[in-house]
Protein chains: 2
Amino acid sequence: MATIYDIAKKANVSPMTVSRVVNNSGKISEKTREKVEKIIEELNYIPNNAARSLTLKQSKILSLVITDITNPFYTKVARGAEDKAKQMGYRLLLSNSDESFEKESEYVDMLISSGVDGVLMAPSGDESQKNLKTLIKNRIPFVLIDRHVKGIDCDLVMGDSYQGTRQLLEHLIGQGHSKIALINGPTNVSTAREREKAYFEILRLAGIEADKKLAANISYMQNDSYKFVKNLISLPESKRPTAIFAANNFIAINTIKSLRQLNVRVPEDIAVVCFDDPDPIPDFNPFLTIAAQPAYNFGYMGIQLLIERIEGNGPAEKQKVILPPEIIIRSSSLKK
Amino acid sequence: MATIYDIAKKANVSPMTVSRVVNNSGKISEKTREKVEKIIEELNYIPNNAARSLTLKQSKILSLVITDITNPFYTKVARGAEDKAKQMGYRLLLSNSDESFEKESEYVDMLISSGVDGVLMAPSGDESQKNLKTLIKNRIPFVLIDRHVKGIDCDLVMGDSYQGTRQLLEHLIGQGHSKIALINGPTNVSTAREREKAYFEILRLAGIEADKKLAANISYMQNDSYKFVKNLISLPESKRPTAIFAANNFIAINTIKSLRQLNVRVPEDIAVVCFDDPDPIPDFNPFLTIAAQPAYNFGYMGIQLLIERIEGNGPAEKQKVILPPEIIIRSSSLKK
DNA sequence: CTGTTAGCGCCTTCAT
DNA sequence: ATGAAGGCGCTAACAG
């Protein structure tokens, strides 16, 4: 409610002096500083950010665009992002794209008009290129997390899909599995592509002939694994997989649900492994064998890179941070 | 980047005309409207919200303050809040208070200076009264969710702690339990108080003499149930509880973890029930018996009430929406 | 060390 | 139906 003018009048100084006190800028005598500060206190003055943004052309607001706040993976990303943002004096605008390019586009427009200083985004897919170009055109710095986008060179924080896939598959192979199915996300998402590539490569290296019919792509949102799973288990025994590698936590859960409906037991009949924990708290349901990614750090470091870029402290070349996964072996993949 | 002036010049009209086109206000001839719209398209014009906020004194930004985005309960709240906000043309600023009054205060100051139009808050506790009064002083409308605050009369969306507690306890009693412990949140939180009150009342109504030593309050964040749980199970058998009512999902999980460490089986040795699902996806780990609250709706309706208040369509008297829980009986409380 | 001037982009008000 | 003037609250640039 109160403005610097109100303060200025009451303190018998110019608005500029008040501004300097508020921002700790320029030189101010101890005496006037105290006088002004007292009145600021008295009048409960809080700076008006809209006005400040207008002149400074920066809002101290960052945007976090993720695909599903309901997924514990992104929940932890959000946590990390928020902690770092707060620490650096920024606030965070939350957007859920639901893996939809259209929703993402709407949000991007909203964000630009909101005047956010930067965007931390888990892109919905390769079409996101268009949205990112919109950001570039509007000179809004951004950092990508979890997924990169074809044709866009930028700072990013990602996991290591190859290593995670390798560890997961080697574990399964070590358990004696050779017919391993893959239930993957859509191929317009970089992580899905990389996991698929790694899957075929690692099987090959292990001397296992991959059966393309054992690999499928489904949507992260619809999560319609049922049909494919049913196909899998109705294969003749010589072809039927004994293990399933699900690309992410939600696909894994959905797959297990499908298996249960079909009266197939995990892990007795089929082992299941995936990326990322489906539980907000590890260790409570120690069931799924996973390649756990450091989600909190995706958010934390993502914001860090973003702020470096915004404040111009970032190196000229783009930074690519790759965070390794940690395999956690639990009962969903263990022989009794 | 482009402003209404750029558009105006190119279209040979005044900035005012452009403004009217953008906002669909006033009367504009079809011809000029089309001309202006074409140029807006061409120049990729997006309105500057800072400037708009400055004159209009509204930012179309709402703030969501919750205590832990990592908890699936609040995750769903956030989802609901965000969906409704987007639908109404607002954006959402996310804040995690971590159940800390201090953090909440910092955020409240940030929010005020950000010029948010309203706040949807799950207060950290009764001390939040101070923060809410700050909001009132700054004329920022707010709605409380999940918890109310002593001495503050405002719109709110809450669960029904009494009914949830009743259903949970009656279920336990029906299972033959009479020594039922309570592991509750801190008493400066309204839901904890209400659950405690309900707990004693319902036991009394059931003719069970409550033992005050079986009830404890712990922090939602530290979640340090271990010591109390250890005490409980080392009680002589005549006093030892056969069931535990945990106030929320995270307390329940932590309690079960403690029990496991102590080699106590759930539900064989002790049954456990609580409010709210600890899993983001129901049905996947159908283990805990819960009083499930409609979290999504807490967020959705909360934002709805908030916007009604902001836009002045709300009724003069404050609205109190009470959303009933639904009991879901699962194995954590079932006799084999 | 402190003050003055001007302008950020938009909209309200008043004029035409 | 359209335009001109002025101001929202703040700060950069310059002046003293």
Side-chain angles (χ1 to χ4, degrees), chain A residues 1-37 39-40 43-61 89 109-110 112-117 138-140, chain B residues 1-37 39-40 43-61 89 109-110 112-117 138-140:
Chain A
M1 284 279 33
T3 74
I4 42 173
Y5 287 91
D6 302 330
I7 313 284
K9 210 180 326 173
K10 238 189 156 164
N12 262 316
V13 295
S14 80
M16 205 47 232
T17 302
V18 179
S19 171
R20 285 195 257 257
V21 171
V22 171
N23 295 294
N24 254 305
S25 63
K27 307 218 173 292
I28 298 273
S29 79
E30 206 37 51
K31 219 190 292 175
T32 54
R33 141 161 280 117
E34 273 171 24
K35 186 172 57 177
V36 170
E37 273 173 347
I39 306 208
I40 285 180
L43 262 55
N44 247 295
Y45 168 77
I46 297 185
N48 177 324
N49 247 268
R52 201 178 249 173
S53 302
L54 195 56
T55 37
L56 260 36
K57 275 130 180 17
Q58 54 132 306
S59 61
K60 291 278 178 184
I61 294 185
D109 281 357
M110 281 179 127
I112 293 171
S113 101
S114 295
V116 299
D117 294 342
N138 288 84
R139 308 243 172 86
I140 300 185
Chain B
M1 285 274 36
T3 74
I4 44 171
Y5 287 90
D6 303 328
I7 313 285
K9 212 183 318 177
K10 241 192 153 162
N12 263 313
V13 296
S14 80
M16 206 42 236
T17 303
V18 179
S19 172
R20 286 195 256 256
V21 170
V22 171
N23 296 295
N24 255 305
S25 62
K27 306 219 173 290
I28 300 273
S29 79
E30 205 37 53
K31 222 189 294 176
T32 54
R33 142 162 280 117
E34 274 171 25
K35 185 172 56 175
V36 170
E37 273 173 348
I39 306 211
I40 286 180
L43 263 54
N44 247 294
Y45 167 77
I46 297 185
N48 177 323
N49 247 269
R52 201 178 248 174
S53 301
L54 195 56
T55 35
L56 260 38
K57 277 135 181 15
Q58 54 132 306
S59 61
K60 290 280 179 183
I61 294 185
D109 281 355
M110 280 179 128
I112 292 171
S113 100
S114 295
V116 300
D117 294 342
N138 285 278
R139 308 243 172 85
I140 299 185

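These numbers come from the heavy atoms of this one structure, side chains and all, not from hydrogens, waters or symmetry mates. Below, read A as the first sequence line, B as the second, and so on, with proteins coming before strands; counting in each chain starts at 1.
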Would you indicate whether the side-chain heavy atoms of A/K31 and A/K35 approach each other to under 4.5 Å?
-> no
Can you tell if the side chain of A/S29 reaches within under 4.5 Å of the side chain of A/T32, non-hydrogen atoms only?
-> yes
Considering all heavy atoms, the nearest [X]-[Y] contact:
| X | Y | result |
| --- | --- | --- |
| A/I46 | B/I112 | CD1-CG2, 3.5 Å |
| A/R52 | A/V22 | NH2-CG1, 3.6 Å |
| A/A2 | A/Y45 | O-CD1, 3.2 Å |

Spell out, as yes or no, whether a donor-acceptor pair under 3.5 Å connects the side chain of [X] to the backbone of [Y].
| X | Y | answer |
| --- | --- | --- |
| B/D117 | B/K60 | yes |
| A/N23 | A/R20 | no |
| B/S59 | B/G115 | yes |
| A/S25 | A/V21 | no |
| A/N48 | A/A50 | yes |

Measure the distance from [atom1] on [X] to [atom2] on [N] and round it to the nearest whole Å.
| X | N | atom1 | atom2 | answer |
| --- | --- | --- | --- | --- |
| A/L54 | C/dA6 | CG | C1' | 13 Å |
| B/N49 | C/dC11 | CG | C1' | 13 Å |
| B/R20 | D/dA1 | CZ | P | 10 Å |
| B/I46 | C/dC10 | CD1 | P | 11 Å |
| B/I40 | C/dC10 | CD1 | C1' | 13 Å |
| B/I4 | C/dT12 | CD1 | C1' | 12 Å |

Taking 4.0 Å as the cut-off, does a side-chain nitrogen or oxygen of [X] come that near to OP1 or OP2 on [N]?
| X | N | value |
| --- | --- | --- |
| B/Y45 | C/dC10 | yes |
| A/K57 | D/dT11 | no |
| A/R52 | D/dT11 | yes |
| B/S19 | C/dC11 | yes |

Can you tell which of D/dT11, C/dC10, D/dC10 lies closest to the side chain of B/T3?
-> C/dC10
Cut-off 3.5 Å, side chains only: do B/N49 and A/S114 have a donor facing an acceptor?
-> no
Does A/Y5 get its side chain close enough to the base of D/dC8, under 3.5 Å, for a donor-acceptor pair?
-> no
Near-strand residues of residues 23-34 of chain B, defined as heavy-atom separation under 4.0 angstrom from DNA chain D = B/K27, B/I28, B/S29, B/T32
Here the residues of residues 9-18 of chain A within 4.0 Å heavy-atom distance, strictly under, of DNA chain D are A/M16
To the nearest 10 degrees, how far apart in direction are the end axes of the helix from C/dC1-D/dG16 to C/dT16-D/dA1, each fit to five base pairs?
-> 40°
From CA spacing to verdict: side chain to side chain contact (heavy atoms under 4.5 Å, CB included), A/T17, A/I28 | CA-CA 8 Å; A/T17 302; A/I28 298 273; 3.9 Å; yes
